[in-house]
Engineer: 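A single structure is presented below for examination.
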Amino acid sequence: MPGCLPCALNAARPERPLLRAGSEPSEVQLAEASCTEGCCGALYVTIRRDGDQVVWENWRRPSTMPTSRGPAPELAAYRFDAVAYDTEIARAESDRSWSWPARTTARLIKAGLIERPDLLSQWDAKRGWISSGFDDPDTTVVTFGYAPGLGSGKPDGIPLQFRWVVPDDGTPPEAQAAASLHRLAEEDPKTYEAVSQPNMIA
């Protein structure tokens with residue numbers, strides 16, 4: 001299961017990025033299997049503030065390991081000094097030095113789809129994971145689920161997962177992301193040549 005902690009720094013709720021500890025406990029998805037959560041699972045943790053500490057606890061994930069199918073070991077709670085934690089989260093949110101073009105393109109596409117979910121819902125599609133490619137990190141991979149009626153929240157049947165591979169064309173990531181979002185606004189992504197055959201989301 002590939003980890004994606006940087007993804008959690010940019011939440012669907014811009015007023016509080018996911019890894020920040022608020023006054024109420026919040027469950028956060030830290031990672032999701034590339035084949036979708038419904039297939040091989042995802043990793044969740046609950047983050048809460050406890051006085052001068054931040055606590056990560058109540059881990060949630062598949063009960064078996066994806067490779068061995070043996071029982072997964074229990075995960076302990078972790079405690080962090082709240083001041084140091086907040087400082088590090090603020091630093092990580094503003095630090096993009098680790099990113100590369102395809103990863104930046106993926107982040108911008110995801111942000112655009114969070115801001116405008118209608119770009120996919122108009123095609124009865126729903127955003128999946130979006131990141132640089134695992135096999136080719138210089139490509140951006142956009143996954144989405146599709147089922148008739150999914151855009152209205154009433155899917156007819158089990159959604160299928162599609163993968164759209166966006167190669168790096170050498171232009172700035174901002175331009176590539178804008179072009180991708182514009183294409184989603186104008187064309188049904190299921191018809192793209194670079195979209196792979198669908199897999200069923202269990």
Engineer: With side chains defined as the heavy atoms from C-beta onward, is the minimum distance between F162 and Y146 less than 4.5 Å?
Structural biologist: yes
Engineer: For the residue pair Y44 and Q29, confirm or rule out a side-chain donor-acceptor distance under 3.5 Å.
Structural biologist: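 The criterion, which ignores hydrogens and geometry beyond distance, is satisfied for Q29 and Y44.
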Engineer: Which atoms form the tightest heavy-atom contact between V166 and S180, and what is the distance?
Structural biologist: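 For V166 versus S180, the nearest heavy atoms are CG1-OG, 4.0 Å.
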Engineer: For E57, enumerate each residue passing the salt bridge (charged side-chain N to carboxylate O under 4.0 Å, His left out) test, keeping only those at least two apart in sequence or located in another chain.
Structural biologist: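 Partners of E57 under the salt bridge (charged side-chain N to carboxylate O under 4.0 Å, His left out) test: R48.
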Engineer: Closest approach of P62 and A42, non-hydrogen atoms and distance?
Structural biologist: CD-O, 3.4 Å
Engineer: May I ask you to decide if the ring planes of Y78 and F80 are parallel, tilted or perpendicular, using 30° and 60° as cut-offs?
Structural biologist: parallel
Engineer: For V141 versus G133, what's the shortest heavy-atom pair and its separation?
Structural biologist: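 What the structure gives for the nearest pair is CG2-CA, 3.7 Å.
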Engineer: State, to 0.1 Å, how close S152 and G149 come at their nearest heavy-atom pair, and which atoms those are.
Structural biologist: OG-O, 2.9 Å
Engineer: Apply the side-chain contact (heavy atoms from CB on, under 4.5 Å) test between R127 and each candidate in L119, T143, V142, L113; give the one that qualifies.
Structural biologist: L113
Engineer: So do L184 and Y192 actually touch side chain to side chain, heavy atoms under 4.5 Å?
Structural biologist: yes
Engineer: To the nearest 0.5 Å, what is the distance between CH2 on W56 and CD1 on I47?
Structural biologist: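 CD1 of I47 is found 5.0 Å from CH2 of W56.
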Engineer: Examine distances only and state if a side-chain atom of S132 and a backbone atom of T139 form a donor-acceptor pair shorter than 3.5 Å.
Structural biologist: no
Engineer: How close do P173 and T104 get, heavy atom to heavy atom, and via which atoms?
Structural biologist: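 The answer is CB-CG2, 3.7 Å.
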Engineer: Which distance, rounded to the nearest 0.5 Å, do you find between the CG of L120 and the CD of Q122?
Structural biologist: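 These two atoms lie 8.0 Å from each other.
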Engineer: Would you say the side chain of T46 lies within less than 4.5 Å of the side chain of V28, judging by non-hydrogen atoms?
Structural biologist: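 No - every pair of side-chain heavy atoms lies 4.5 Å or more apart.
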Engineer: Identify whether Y85 and V45 are in the same connected component of the hydrophobic contact network (ILVMFWY, side-chain heavy atoms under 4.5 Å).
Structural biologist: yes
Engineer: Would you say E174 has more than 12 foreign heavy atoms packed within less than 6.0 Å of its CD?
Structural biologist: yes
Engineer: Let me confirm one number: the CZ-OG1 distance from R107 to T105, rounded to the nearest 0.5 Å.
Structural biologist: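 R107 atom CZ to T105 atom OG1 measures 9.5 Å (nearest 0.5 Å).
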Engineer: For the residue pair Q161 and W129, establish whether any side-chain heavy-atom pair is separated by less than 4.5 Å.
Structural biologist: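 A side-chain contact under 4.5 Å exists here.
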Engineer: Do P137 and W100 touch side chain to side chain, with heavy atoms closer than 4.5 Å?
Structural biologist: yes
Engineer: Charged N to carboxylate O below 4.0 Å: is that the case for D86 and R49?
Structural biologist: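 Yes, this pair counts.
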Engineer: Given side chains that start at C-beta, do those of L43 and W59 come closer than 4.5 Å, heavy atoms only?
Structural biologist: yes
Engineer: Flag yes if V55 and I89 sit in one hydrophobic cluster, no otherwise; membership is Ile, Leu, Val, Met, Phe, Trp, Tyr, and two members link when side-chain heavy atoms are under 4.5 Å apart.
Structural biologist: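 Not linked; separate clusters.
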Engineer: With rounding to the nearest 0.5 angstrom, report the CG to CG distance, D124 to L150.
Structural biologist: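 Taking CG in D124 and CG in L150, the distance rounds to 6.5 Å.
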Engineer: Let me confirm one number: the CG-CG distance from L108 to L181, rounded to the nearest 0.5 Å.
Structural biologist: 8.5 Å
Engineer: With a 6.0 Å cut-off (strictly less than), is the heavy-atom count around CG of D135, excluding the residue itself, greater than 12?
Structural biologist: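 Open.
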Engineer: For A84, does its backbone N or O pair with a side-chain atom of D81 as donor and acceptor, under 3.5 Å?
Structural biologist: yes
Engineer: Hey, mind stepping through R20 and E93 against side chain to side chain contact (heavy atoms under 4.5 Å, CB included) and telling me if it holds?
Structural biologist: CA-CA 10 Å; R20 285 194 176 273; E93 288 169 359; 3.1 Å; yes
Engineer: What distance do K190 atom NZ and F144 atom CZ have between them, rounded to the nearest 0.5 Å?
Structural biologist: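 Answer rounded to 0.5 Å: 6.5 Å.
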Engineer: Do any N or O atoms from the side chain of T191 and from the backbone of D188 form a donor-acceptor pair under 3.5 angstrom?
Structural biologist: yes
Engineer: Working note: D168 + Q176, criterion side chain to side chain contact (heavy atoms under 4.5 Å, CB included); need CA distance, chi angles, decisive distance, verdict.
Structural biologist: CA-CA 8 Å; D168 184 355; Q176 295 187 57; 2.8 Å; yes
Engineer: Would you say V83 and D52 make side-chain contact, with heavy atoms under 4.5 Å?
Structural biologist: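 The answer is no, as the side chains (C-beta and beyond) never meet within the 4.5 Å cut-off.
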Engineer: Hey, does K126 have a side-chain heavy atom less than 4.5 Å from the side chain of P159?
Structural biologist: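 Side-chain contact under 4.5 Å: no.
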